[in-house]
Amino acid sequence: MKNVIKSVKGTRDFYPDEMAKRQWLIRKLAEASQAYGYQMYDGPCLETIDLYAAKSGEELVKEQAFVFNDRGGDPITLRPELTPTLTRMVASRQNQLTFPLRWWSFGPFWRYERPQKGRTREFFQWNIDQIGSDSVQADAEILAVAAAFLKNVGLSPDQVKLFVNDRRLMDAQLSKIGIRAEQKPAVLHLIDRIDKLPEDIWDEKMLAEGLSEAQLKAIRALLENCDLWRESDQMQTLFSLLELLEVSEYVSYDPKIIRGLDYYTGTVFEAHATNGEFRAILGGGHYANLVADVGGMPLPGVGFAMGDVVIMLVLEAYGLIPEELADPETLFVTVFSEETLGDSLRLASQLRQAGFKVIQAEPEKLAKQFKYADRLGLSKALVLGPDEIANGKVVVKDLRTFEQFNIERESLISHLRRKD
RNA sequence: GUGCCUGUAGCUCAAUGGCAGAGUGCUUCACUGUGGAUGAAGAUGUUGAGGGUUCGACCCCCUCCAGGCACCCCA
């Protein structure tokens, strides 16, 4: 491979095989979204940098966004996430929209990061939000959509789980231990990272935040307590609703779930492979007043985002991505010779007018034609040789079973339709 | 952005300073009205890029690029 111009770092080419997988993924998450009545929307991929100045984690924009000047010299950002766009869209039509809003989206995003497994610079993301409801039921519903998706792609509760926590609960618990308000952000951030850091280093960092040994011990105990949710009315309600929604097998409580983004104010959750092998598959939570930050009236909401990279790695690992190289419904019309090309072209044309997808071969050895069709993963080929043309027939060959038979040309279309 | 590891045929990998190879895949043929198998023949590389050391570099050194692991952050 000489002198092929390289692609941009951290981007991926989607050859037809990969594109078919992406389309499959979109179909699956669309089904989950639509089953709960969510509507699809999208915003622009280019935004002003001001949109992100409002919120969305300082580092995300300052360090990780692609920013460049347009020809007029104004700074433009390739969107690193969708939530600010969503809140702008909601804020600017706040009086016309019917709440609660149930919206979902799928599109490309960019982050200027060091690529590694499960993380690229250009990726696709499923976003889904319910805006305008502050109820626990809304939180439960969003979790149910996530669970429906996981189930829909064939992941079992043994393989993948949604781990849930509540920021209010954690806040109250930290207060109980005597953690001061100004210490909380750093402490919560460390709780979020406890599984990543070695025990002694984690302890060290906690103590560096001004915690006493007793407080450290209390927090460690807190993080072991998988029944902590029982101390929160909201969590209790949430879990009983999840039971009624019949998705509770996909959901577990985990006091270590905090989430990095600071706009979450209530329920927070992440989906992980239970073997701990992959990055978070999806993450989200409840926010109290995002819309107000871009100049609208305060509106609560709950939602999550799922990147395409990690979920595909997980699905690949569990062998859950179907092998659909080509559309097997596409018919393959062979050509016997230069002399009969016209007959083949006419047949293909008739089939297309009847609504079939048809690939037309070129006149070369039949063996090559069949090999080509086989590699494309097609399931049905039609042969039109001199004998068939003379008798008004056509050979239908099943490329999977190697069976073939003659059929009257007039009854071909109805035969092909009947098979479906 | 920080640290470490890796980069050889389309793919998976050999060759540790001395002629760049194997498996698989690919092309052609056996099979001039038929693709899964078998057999035969054949093609394939600026060894990621550029520079340096050396009589000689896939191998050692430097820089860059790309990928991977950890951190950071997060989908």
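Throughout, protein chains are lettered first and strands after them, A, B, ... in sequence-line order, and every chain is numbered starting at 1. Everything numeric here is computed off the predicted structure, so don't read it as measured data.
- Remark on RNA chain B: of its neighbouring residues A/Lys9 and A/Phe336, the 5'-side contact belongs to A/Phe336, judged by nearest-heavy-atom nucleotide.
- For the C1' atom pair drawn from B/G68 and B/G56, the interatomic distance equals 33 Å after rounding to whole Å.
- Spacing between B/U46 and B/U8 at atom P, rounded to whole Å, works out to 12 Å.
- Proximity of residues 35-44 of chain A to RNA chain B (heavy atom under 4.0 angstrom from any strand atom) is not detected for any residue.
- A salt bridge (charged side-chain N to carboxylate O under 4.0 Å, His left out) with A/Asp308 holds for exactly one of A/Arg22, A/Arg12, A/Arg119; it is A/Arg12.
- Not a single donor-acceptor pair under 3.5 Å links the side chain of A/Glu209 to the backbone N or O of A/Met206.
- With sequence neighbours excluded, the residues satisfying salt bridge (Lys or Arg N to Asp or Glu O under 4.0 Å) with A/Asp166 are A/Arg168.
- Residues passing the ring pair (Phe, Tyr, Trp, His ring centres under 6.0 Å) test with A/Tyr112, sequence neighbours excluded: A/Phe66.
- Every ring pair (Phe, Tyr, Trp, His ring centres under 6.0 Å) that A/Phe124 has, sequence neighbours left out, goes to A/Phe14, A/Phe106.
- A gap of 16 Å separates the C1' atoms of B/G48 and B/C5, to the nearest Å.
- Relative ring orientation between A/Phe269 and A/Phe304 is described as perpendicular, the plane-to-plane angle rising above 60° on a 0-90° scale split at 30° and 60°.
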Can you give me every donor-acceptor pair (side chain of residues 399-410 of chain A, partner residue at least two apart or in another chain, under 3.5 Å) with its distance?
from	atom 1	to	atom 2	distance (Å)
A/Arg400	NH2	A/Gly377	O	3.0
A/Thr401	OG1	A/Glu403	N	3.3

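- Between B/A75, B/G35, B/G33, one nucleotide has an atom nearer to the side chain of A/Pro386 than all others, and that is B/G33.
- Separating the P atom of B/A40 from that of B/C59 is a span of 36 Å, rounded to the nearest Å.
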Just the table, please: protein N/O against nucleotides 41-43 of chain B N/O, every pair under 3.5 Å.
none

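- Checked by distance alone, A/Arg111 brings a side-chain donor or acceptor within 3.5 Å of a matching partner on the base of B/A75.
- Along RNA chain B, the nucleotide nearest A/Lys397 and the nucleotide nearest A/Gly118 are compared for position; the residue whose nucleotide lies closer to the 5' end is A/Lys397.
- Spacing between B/U24 and B/A14 at atom C1', rounded to whole Å, works out to 14 Å.
- Closest approach of A/Asp192 to A/Arg259, counting heavy atoms only: OD1-N, 3.4 Å.
- Salt-bridge formation is detected for the pair A/Arg346/A/Asp343: a Lys NZ or Arg NE/NH1/NH2 atom is positioned less than 4.0 Å from an Asp or Glu carboxylate oxygen.
- No donor-acceptor contact under 3.5 Å links the side chain of A/Gln64 to the base of B/G1.
- A donor-acceptor contact under 3.5 angstrom links the side-chain atoms of A/Glu113 to the base of B/A75.
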Which donor-acceptor pairs under 3.5 Å do side chains of residues 348-365 of chain A form with protein atoms, sequence neighbours excluded?
from	atom 1	to	atom 2	distance (Å)
A/Arg352	NH2	A/Val358	O	3.2
A/Lys357	NZ	A/Asp327	OD2	2.3
A/Gln360	NE2	A/Val333	O	3.4

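- Ranking B/C71, B/U34, B/U2 by closeness to the A/Lys196 side chain, first place goes to B/C71.
- The backbone N or O of A/Glu113 lies less than 3.5 Å from a partner atom in the side chain of A/Arg121, making a donor-acceptor pair.
- Out of B/C73, B/G35, B/A75, the shortest distance to the side chain of A/His189 is found at B/C73.
- The aromatic rings of A/Phe239 and A/Tyr253 lie perpendicular to each other, with more than 60° between the two planes, well past the 30° mark.
- No donor-acceptor pair closer than 3.5 Å links the side chain of A/Asp129 to the backbone N or O of A/Trp103.
- Following rounding to the nearest Å, A/Leu366 (CG) and B/C31 (C1') show an atom-to-atom distance of 12 Å.
- When the nucleotides B/G35, B/U2, B/G67 are ranked by their closest atom to the side chain of A/Pro115, B/G67 comes out on top.
- Residues meeting the ring pair (Phe, Tyr, Trp, His ring centres under 6.0 Å) test with A/Phe109, sequence neighbours left out: none.
- The phosphate of B/A75 (OP1 or OP2) has a side-chain N or O of A/Arg259 nearer than 4.0 angstrom.
- In this structure, of B/U34, B/C71, B/G67, it is B/U34 that holds the atom nearest to the side chain of A/Phe370.
- Comparing the C1' positions of B/G51 and B/C65 gives a spacing of 14 Å, expressed to the nearest Å.
- Looking at A/Gln369, its side chain has no donor and acceptor atom pair within 3.5 Å of the base of B/U34.
- Taking every heavy atom of residues 304-319 of chain A and every atom of RNA chain B, pairs under 4.0 Å involve A/Ala305, A/Gly307, by number.
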Heteroatom pairs (N/O) under 3.5 angstrom, protein to nucleotides 23-30 of chain B:
from	atom 1	to	atom 2	distance (Å)
B/C26	OP1	A/Arg375	NH2	2.9
B/U27	OP1	A/Arg375	NH1	3.4
B/U27	OP2	A/Arg375	NH2	3.1
B/U28	OP1	A/Lys368	NZ	2.5

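- Using C1' as the reference atom, B/C74 and B/G25 are 39 Å apart when rounded to the nearest Å.
- Residue A/Gln116 places at least one side-chain N or O under 4.0 Å from the OP1 or OP2 atom of B/A70.
- Rounded to whole Å, the separation between the C1' atoms of B/C71 and B/A15 comes to 36 Å.
- Residue pairs meeting the side-chain hydrogen bond (donor to acceptor under 3.5 Å, both in side chains) criterion with at least one member in residues 140-152 of chain A, sequence neighbours excluded, are A/Glu31-A/Asn152, A/Tyr38-A/Glu141, A/Arg102-A/Glu141, A/Gln130-A/Glu141.
- Stem list for RNA chain B (at least 3 consecutive Watson-Crick or G-U pairs, distances under 3.5 Å): B:1-7 with B:65-71, B:10-13 with B:21-24, B:26-30 with B:38-42, B:48-52 with B:60-64.
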